[in-house]
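Below is one structure, written out as structure tokens, with a few remarks after it.
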Amino acid sequence: MMNPPDLPFLLVGTDHRTSPIDLREKVSYDKEEATETLVHLLAREEIAEACLLSTCNRTEAYVVARHPETAYRTALDLVFIRRNPLLEQPGHLYVKGGDEAATHLLRVASGLESMVLGEPEILGQVKSAAQLASSVGAAGPLLGKLQLCASRAGRRARAETRIASGSVSLGYSVVELARNIFHRLEDLRILVLGAGETARLVCHSLIEKGARSVQIANRTATRSERLQEEIPQVVPVPFGDLAARSAECDLVVATTSSDEALLRSSDFTHRRHRPLLLIDLGVPRNIDPALGRRENIFLHTIDSLDTLIQRNLKRRREEVPQVEELVREELEQFLNWFRSLAAEPLVARLQKQAEAIRQRELEGARQRFPRELHEDLDRLTRSLVRKILHNPSAHLRGKGGPGALPDLDLVRELFRLDGDD
């Protein structure tokens with residue numbers, strides 16, 4: 001039995017598990033740089049197709065190699081070493097080939113290889129990398145088909161499993177807590193205390209998920225203004241009288257590094273008739289814990305959010321076996337398609353031989369039938385041959401079901417396809 005041909009894929013990459021940020025950032029590619037690099041890769045005779053995936057957590061070069069050894073060296077030099085020679089030190093790069101390289105891309109698109117398990121952004125990044133490779137002519141039939149399978153795997157992972165369910169970042173955890181109380185963010189009055197990185201992430205998440213605007217109070221006005229330049233929906237407000245301002249809001253998120261509480265229970269003198277959600281992400285705490293015991297006030301600390309994040313991560317980890325099975329299904333579909341490429345010449349030869357036999361037999365039969373029936377005979381015999389060859393041809397093309405592996409040598413022997421017609 002002839003073994004199917006090996007997949008000619010080669011992957012050279014680095015990610016958050018193998019390299020620190022100071023090494024990864026030097027091989028981070030924007031669209032223009034990636035385009036130029038793909039053109040250089042494709043210009044090399046040893047590389048037939050290429051795709052470059054570059055995100056904040058990974059840079060990976062996928063190539064279809066005509067000559068694996070030289071293709072590896074080319075991808076290594078052009079994508080990694082010329083920009084950061086330190087990456088050639090042991091442990092910073094990983095190299096995969098064949099089925100392993102194909103499986104890796106499917107896993108990446110499905111969120112299994114992400115720093116945050118199941119994070120949704122990577123699927124769009126995989127699609128963008130595929131579109132860029134296609135636009136410059138670097139993605140041919142093999143990488144193009146694999147990228148389609150990877151995109152489908154990513155969509156299925158998120159639609160058929162809970163690998164991306166629940167918030168696993170501070171920003172989205174704030175959104176999740178808010179929705180538990182208010183359901184909708186569109187009409188909420190929101191105040192964020194502080195204008196640092198945590199505040200930025202919280203504002204981005206709230207706006208992305210539907211909040212129309214977010215007030216932001218910070219001691220240094222210029223930082224609030226810089227944040228407004230990045231997020232136009234942010235509205236800087238004075239830092240003074242935070243208790244009165246908070247009392248007018250539905251959601252208050254504190255993110256400062258203040259050594260003393262910014263919101264005290266004694267400052268809230270009136271009884272609230274609507275819910276107020278307070279989320280304290282400050283260390284030390286920015287909000288007096290006693291506020292959490294007031295009527296209609298719900299207080300969560302950074303520990304509360306960490307508990308929520310860990311619970312959601314646990315749920316995501318429970319989905320991994322199901323996503324792994326989905327990846328295996330998509331890989332098998334791709335392999336069946338790839339095997340069909342090797343079978344196509346044999347299918348064509350089988351059909352050519354059957355047509356030759358049909359023509360010979362038809363020629364003899366025509367002499368025994370009236371001329372007006374010759375067209376019907378031709379149509380009948382053509383239909384019979386097509387129906388007889390349908391199942392064998394489908395099996396040879398790898399469409400005989402999951403795991404069906406066509407035995408090309410046996411078919412050659414049975415139909416004597418190695419000889420001349």
Side-chain angles (χ1 to χ4, degrees), residues 1 3-11 13 15-18 51 53 55 57-58 60 62 64 94-130 139 141-169 172 309-343 394-407:
M1 177 175 176
N3 292 323
D6 292 331
L7 289 174
F9 290 133
L10 174 68
L11 158 65
D15 66 9
H16 57 278
R17 286 169 294 198
T18 61
C51 177
L53 175 61
T55 73
N57 288 325
R58 71 181 63 250
E60 295 177 339
Y62 294 84
V64 174
Y94 44 85
V95 181
K96 302 176 187 290
D99 292 15
E100 191 180 8
T103 301
H104 183 84
L105 182 58
L106 297 177
R107 288 176 57 83
V108 167
S110 300
L112 293 176
E113 298 289 334
S114 297
M115 179 181 289
V116 177
L117 181 65
E119 61 97 357
E121 288 83 4
I122 187 62
L123 178 56
Q125 292 165 335
V126 169
K127 290 180 179 179
S128 295
L142 294 185
L143 271 179
K145 181 70 172 180
L146 179 62
Q147 288 160 340
L148 287 175
C149 290
S151 294
R152 186 168 60 241
R155 291 194 303 272
R156 288 186 60 194
R158 289 156 180 83
E160 299 175 22
T161 78
R162 298 190 303 167
I163 192 69
S165 67
S167 304
V168 292
S169 69
Y172 289 124
I309 289 171
Q310 293 307 316
R311 184 170 68 242
N312 289 336
L313 278 173
K314 181 176 181 294
R315 289 174 180 167
R316 291 190 179 195
R317 285 192 289 268
E318 291 170 351
E319 299 295 301
V320 168
Q322 188 176 347
V323 179
E324 296 275 17
E325 179 59 31
L326 184 153
V327 166
R328 283 191 289 270
E329 291 174 6
E330 293 296 334
L331 178 65
E332 188 61 33
Q333 286 196 34
F334 176 79
L335 291 176
N336 282 339
W337 171 83
F338 181 69
R339 292 164 187 149
S340 74
L341 300 181
H395 183 77
L396 286 170
R397 290 179 170 123
K399 299 177 181 178
L405 191 63
D407 190 335

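Since the structure is predicted, the reported quantities are computational estimates derived from the model, not experimental observations.
- With sequence neighbours excluded, the residues forming a side-chain hydrogen bond (donor to acceptor under 3.5 Å, both in side chains) with E160 are R156, listed by chain and number.
- For the salt bridge (charged side-chain N to carboxylate O under 4.0 Å, His left out) test, residues two or more places apart in sequence or in another chain that qualify with E113 are R17, R107.
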Which donor-acceptor pairs under 3.5 Å do side chains of residues 118-126 form with protein atoms, sequence neighbours excluded?
from: E119; atom 1: OE1; to: E121; atom 2: N; distance (Å): 2.9
from: E119; atom 1: OE1; to: I122; atom 2: N; distance (Å): 3.4
from: E119; atom 1: OE2; to: S114; atom 2: OG; distance (Å): 3.4

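- Listed here is the closest heavy atom pair of R158 and A164: CG-CB, 4.1 Å.
- How far NZ of K314 is from CG of L117: 13.5 Å, rounded to the nearest 0.5 Å.
- Atom CG of L112 is separated from atom NE2 of H104 by 10.5 Å, given to the nearest 0.5 angstrom.
- L11 places none of its side-chain heavy atoms less than 4.5 Å from the side chain of V95.
- Between R311 and R316 there is no side-chain heavy-atom pair separated by less than 4.5 Å.
- The shortest non-hydrogen separation linking Q147 to L105 is CG-CD2, 4.3 Å.
- A heavy-atom distance below 4.5 Å is found between the side chains of L142 and P8.
- F9 meets the ring-ring contact (aromatic ring centres under 6.0 Å, His included) test with F334; sequence neighbours excluded.
- Under the salt bridge (charged side-chain N to carboxylate O under 4.0 Å, His left out) criterion, R162 pairs with E319, sequence neighbours left out.
- Not counting sequence neighbours, L148 has no partner by the side chain to side chain contact (heavy atoms under 4.5 Å, CB included) test.
- To the nearest 0.5 angstrom, E324 atom CD is 11.0 Å from T161 atom OG1.
- Listed by chain and residue number, E325 satisfy the side-chain hydrogen bond (donor to acceptor under 3.5 Å, both in side chains) test with R328 (two or more places apart in sequence, or in another chain).
- The two residues C51 and A129 have their closest heavy-atom pair at SG-O, 3.7 Å.
- Residues forming a salt bridge (charged side-chain N to carboxylate O under 4.0 Å, His left out) with R152 (at least two apart in sequence, or on another chain): E330.
- Considering CD1 of I309 and CG of N312, their distance stands at 8.0 Å, rounded to 0.5 Å.
- In this view, S167 and E176 satisfy the side-chain hydrogen bond (donor to acceptor under 3.5 Å, both in side chains) rule, not counting sequence neighbours.
- The CZ atom of F338 sits 5.0 Å away from the CG atom of L7 when rounded to the nearest 0.5 Å.
- Distance check: L326 CG to S110 OG gives 6.0 Å after rounding to the nearest 0.5 Å.
- Minimum interatomic distance between L53 and V108 (heavy atoms only, all atoms of both residues): CD2-CG1, 4.0 Å.
- Residues forming a salt bridge (charged side-chain N to carboxylate O under 4.0 Å, His left out) with K96 (at least two apart in sequence, or on another chain): E100.
- Residues meeting the side chain to side chain contact (heavy atoms under 4.5 Å, CB included) test with T18, sequence neighbours left out: T14, D15, Y94.
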